[in-house]
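Note: hydrogens, waters and symmetry copies are ignored here, and every other heavy atom, side chains too, is used. Below, chain A is the first sequence line, B the second, and so on; all start at residue 1.
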There are 2 protein chains.
Amino acid sequence: MDTITIKDIARALNISTSTVSRALRDSYEINPETKRLVTEYAERLNYRPNPIALSLKENRSRVIGVIVPQIANNFFSQVINGIEAIAYNRGYHVIIFQSHESYEREMLTVQQAVARRADGLLISLASGTHDVTYLRALQEKKLPIVLFDRISKDLDTLSVTADNFGGAFAATEHLIKAGRQRIVHLTMPAHISVTQERLAGYRAALEQYGLVYDENLVRYGQFGPDEVESIVDELLKLSPDAFFAAGDRLAIGCLSALKKRNVAIPETVSLIGFTNITVADLLAPAMTTVEQPSLEIGQLAAEQLINLIEGKKTTAPPTSLKIPTQLIVRASSQS
Amino acid sequence: MDTITIKDIARALNISTSTVSRALRDSYEINPETKRLVTEYAERLNYRPNPIALSLKENRSRVIGVIVPQIANNFFSQVINGIEAIAYNRGYHVIIFQSHESYEREMLTVQQAVARRADGLLISLASGTHDVTYLRALQEKKLPIVLFDRISKDLDTLSVTADNFGGAFAATEHLIKAGRQRIVHLTMPAHISVTQERLAGYRAALEQYGLVYDENLVRYGQFGPDEVESIVDELLKLSPDAFFAAGDRLAIGCLSALKKRNVAIPETVSLIGFTNITVADLLAPAMTTVEQPSLEIGQLAAEQLINLIEGKKTTAPPTSLKIPTQLIVRASSQS
DNA sequence: TTGTACGCGTTATCAC
DNA sequence: GTGATAACGCGTACAA
């Protein structure tokens with residue numbers, strides 16, 4: 001891949017590289033004629049400045065590193081979509097890294113991103129991550145970091161999340177108002193921030209409506225398809241009258257299990273983060289869902305990070321940004 | 001973000017930068033003691049060579065550019081997953097670009113990738129792309145390019161796709177053997193390679209079993225949710241006895257439409273590329289699907305591209321690699 | 001065995 | 001108005 005440089009232009013036009021540079025950068029006092037010559041020639045040869053040389057000189061890469069647990073996931077791929085939209089608008093490129101939910105891999109990929117001289121990092125923590133001191137170290141080295149979705153209170157950064165508390169509260173409240181009293185809460189591993197926030201919303205709603213919180217109705221884990229089956233079996237013995245699954249895959253697994261068992265509950269499941277409305281419609285016409293603003297999370301997070309990188313005022317104190325969720329209540333299609 | 005360089009180490013240890021460089025690169029004849037000193041110090045300060053400087057020097061970036069129509073899409077995000085797995089193993093990073101199905105944006109992002117000095121490009125063409133001369137120009141400049149999924153016969157590159165013909169043939173054959181005779185084929189825009197290959201498989205199966213090809217039963221487009229509704233309405237007037245949707249979203253839209261109209265056909269839909277089996281199970285227990293090997297496509301494509309970049313022998317003449325698809329027949333769960 | 005000098009592509013600074 | 005030079009971080013030929 002042979003590329004044309006400023007040198008080539010200088011040689012061809014019998015002028016110095018600095019003149020070429022000036023002409024192209026439209027910088028001060030330059031002979032209009034020279035400028036014309038240079039720009040025309042550059043145009044003709046389709047000259048593009050080498051961003052790598054620029055990076056070296058300016059000590060910045062105009063690249064932001066994004067670390068997610070996994071790419072092949074509806075939520076994260078939409079967040080990335082949002083990130084990309086903003087980043088490209090502001091002249092940044094995005095390099096994606098996956099932690100595969102592992103603490104070790106997360107550390108490694110963060111190292112990689114740092115080695116690549118990413119100008120800043122956008123991270124959603126792996127479920128295996130309990131310790132963020134390695135991130136704190138980077139922060140102290142002035143590397144801009146913004147956490148999103150899976151955040152940590154142990155790290156004093158800007159963070160962008162959905163309003164998980166509010167969403168879970170609304171979903172639970174909706175079920176209660178529909179007469180449900182024994183609402184199962186199927187959720188992710190306990191230590192993840194998202195889990196805690198959603199659980200808190202669930203509890204708050206129960207409390208507000210004078211229902212008891214029964215911890216037997218709450219199950220944690222990133223249940224694989226089979227696992228959910230047995231969990232649901234166990235739960236059914238406790239005669240619940242509604243299921244609130246706090247995540248896409250949990251909800252799908254749950255629906256699948258219930259369907260196999262021919263459990264017919266008109267409005268069993270409410271879930272957070274199911275982004276494909278068409279599928280939700282098909283799966284359970286009467287299902288209520290909490291739509292997670294994945295695109296917006298990505299956009300806002302990217303915007304905040306770039307502001308940080310460029311030293312602009314951030315939106316001040318409120319270091320923890322929450323984007324509202326939307327409760328979507330589907331009318332039962334069958335009589 | 002202050003980083004430590006080879007210079008810092010040299011200064012601290014009172015030796016020259018070249019000595020430091022040699023010590024770290026484990027290069028020839030160096031005093032073991034000096035080497036120890038340097039490596040220890042570097043380790044302690046967590047020194048990482050600046051890949052940007054290296055890129056500039058070696059005129060390569062160890063980055064591969066991936067251009068897909070959209071990230072937030074099950075198929076593409078899984079392909080990216082596969083690409084990433086291979087790339088990182090072989091020391092490459094992956095920068096993602098989206099064309100948003102637009103020819104102009106595709107050209108722009110390719111320019112960006114080239115400007116960023118990507119060592120090679122992995123491209124799945126936008127549906128808006130009818131002309132690939134701009135890619136041919138890059139090819140002539142010796143930029144390694146591998147196409148995947150949405151390929152073009154107008155470009156003489158290595159390509160990696162699913163066996164779309166075989167998959168469509170198998171699906172159609174399955175429907176025919178189940179007694180279907182008027183099989184609708186709902187597919188993507190006509191000029192896309194994938195569309196053509198799948199259509200050819202569909203036709204070949206019809207022909208082999210002596211059924212007439214009725215072009216009224218074939219519909220093209222990237223139907224939005226609403227659009228599918230009216231298409232299905234039109235099609236129903238032609239009294240089809242099966243639907244073969246050549247794509248995830250088409251299939252979901254089709255199922256949704258059929259469900260709303262209470263059309264009960266035991267095995268209506270067969271589709272290509274639906275990767276989430278759990279959802280397929282839920283949607284239509286008797287549905288037959290063709291699983292697309294998205295992960296493998298990504299892996300193989302990345303492998304081929306990196307071989308190209310590194311000048312290794314490619315797998316010779318067969319410049320067009322096809323990965324087999326798998327027909328998954330689900331037994332009806334009812335009765 | 002180690003140090004010096006140069007080049008990768010670009011721009012800022014200083015001379016002319 | 002334009003040219004020469006240094007610097008960004010690194011590796012390496014060449015010199016010592």
(request) Write down the distance between CZ (B/Arg11) and C1' (C/dG3), rounded to a whole number of angstrom. (result) 16 Å
(request) For B/Tyr47 and D/dG11, give me the distance from atom OH to atom C1', rounded to whole Å. (result) 10 Å
(message) If I take atom CG in residue A/Leu54 and atom P in nucleotide C/dG9, what distance separates them, rounded to the nearest angstrom?
(response) 12 Å
(request) Take the protein atom CG of A/Leu13 and the nucleotide atom C1' of D/dG1, then report the distance between them rounded to whole Å. (result) 15 Å
(message) Counting the atoms with a prime plus P, OP1 and OP2 as sugar-phosphate, which does B/Thr34 contact under 4.0 Å by heavy atoms, base, sugar-phosphate, or nothing?
(response) sugar-phosphate
(message) Measure CD1/A/Ile30 against C1'/C/dT11 and give the value in whole Å, please.
(response) 13 Å
(message) Does anything in residues 101-120 of chain B form a salt bridge (Lys or Arg N to Asp or Glu O under 4.0 Å)? List the pairs, not counting sequence neighbours.
(response) B/Glu101-B/Arg150
(message) Using a heavy-atom cut-off of 4.0 Å across all strands, would you classify A/Ile52 as base, sugar-phosphate, or nothing?
(response) nothing
Pairs under 3.5 angstrom, nitrogen or oxygen only, protein versus nucleotides 4-8 of chain C, please.
residue	atom	partner	partner atom	Å
C/dT4	O4	B/Ser18	OG	3.1
C/dG7	N2	B/Lys57	NZ	2.8
C/dC8	OP2	A/Lys7	NZ	2.6

(request) Could you list the residues that satisfy side-chain hydrogen bond (donor to acceptor under 3.5 Å, both in side chains) with B/Ser99, not counting sequence neighbours? (result) none
(request) Would you mind reading off the distance between A/Ile9 atom CD1 and C/dT11 atom C1', rounded to a whole angstrom? (result) 14 Å
(message) Assuming nearest nucleotide by heavy-atom distance, tell me which of A/Arg117 and A/Val20 is located more 5' along DNA chain D.
(response) A/Val20
(message) Suppose the criterion is salt bridge (Lys or Arg N to Asp or Glu O under 4.0 Å): which pairs have a residue in residues 36-54 of chain A, not counting sequence neighbours?
(response) A/Glu33-A/Arg36, A/Arg36-A/Glu40
(request) Name all residues meeting the side-chain hydrogen bond (donor to acceptor under 3.5 Å, both in side chains) criterion together with A/Thr39; count only those two or more places apart in sequence or in a different chain, and write none if there are none. (result) none
(message) Among residues at least two apart in sequence or on other chains, which ones pass side-chain hydrogen bond (donor to acceptor under 3.5 Å, both in side chains) with B/Asp131?
(response) B/Thr133
(message) In whole Å, I'd like the distance from the CD1 atom of A/Ile6 to the P atom of D/dT2.
(response) 15 Å
(message) Using whole Å, what does the distance between atom C1' of nucleotide D/dC8 and atom CD1 of B/Ile4 come to?
(response) 16 Å
(request) With sequence neighbours left out, write down each residue that passes side-chain hydrogen bond (donor to acceptor under 3.5 Å, both in side chains) with A/Gln222, or none if nothing qualifies. (result) A/Ser127
(request) Please report the closest heavy-atom contact between A/Ile123 and A/Leu135, naming both atoms and the distance. (result) CD1-CD2, 3.6 Å
(request) Enter the inter-axis angle for the ends of the helix from C/dT1-D/dA16 to C/dC16-D/dG1 (five pairs per end, rounded to 10°). (result) 60°
(request) For residues 68-91 of chain A, pull every pair meeting salt bridge (Lys or Arg N to Asp or Glu O under 4.0 Å), keeping only residues two or more places apart or in separate chains. (result) A/Arg90-A/Glu310
(message) With no hydrogens and no angle check, just 3.5 Å: does a side-chain donor-acceptor pair link A/His93 and B/Gln112?
(response) yes
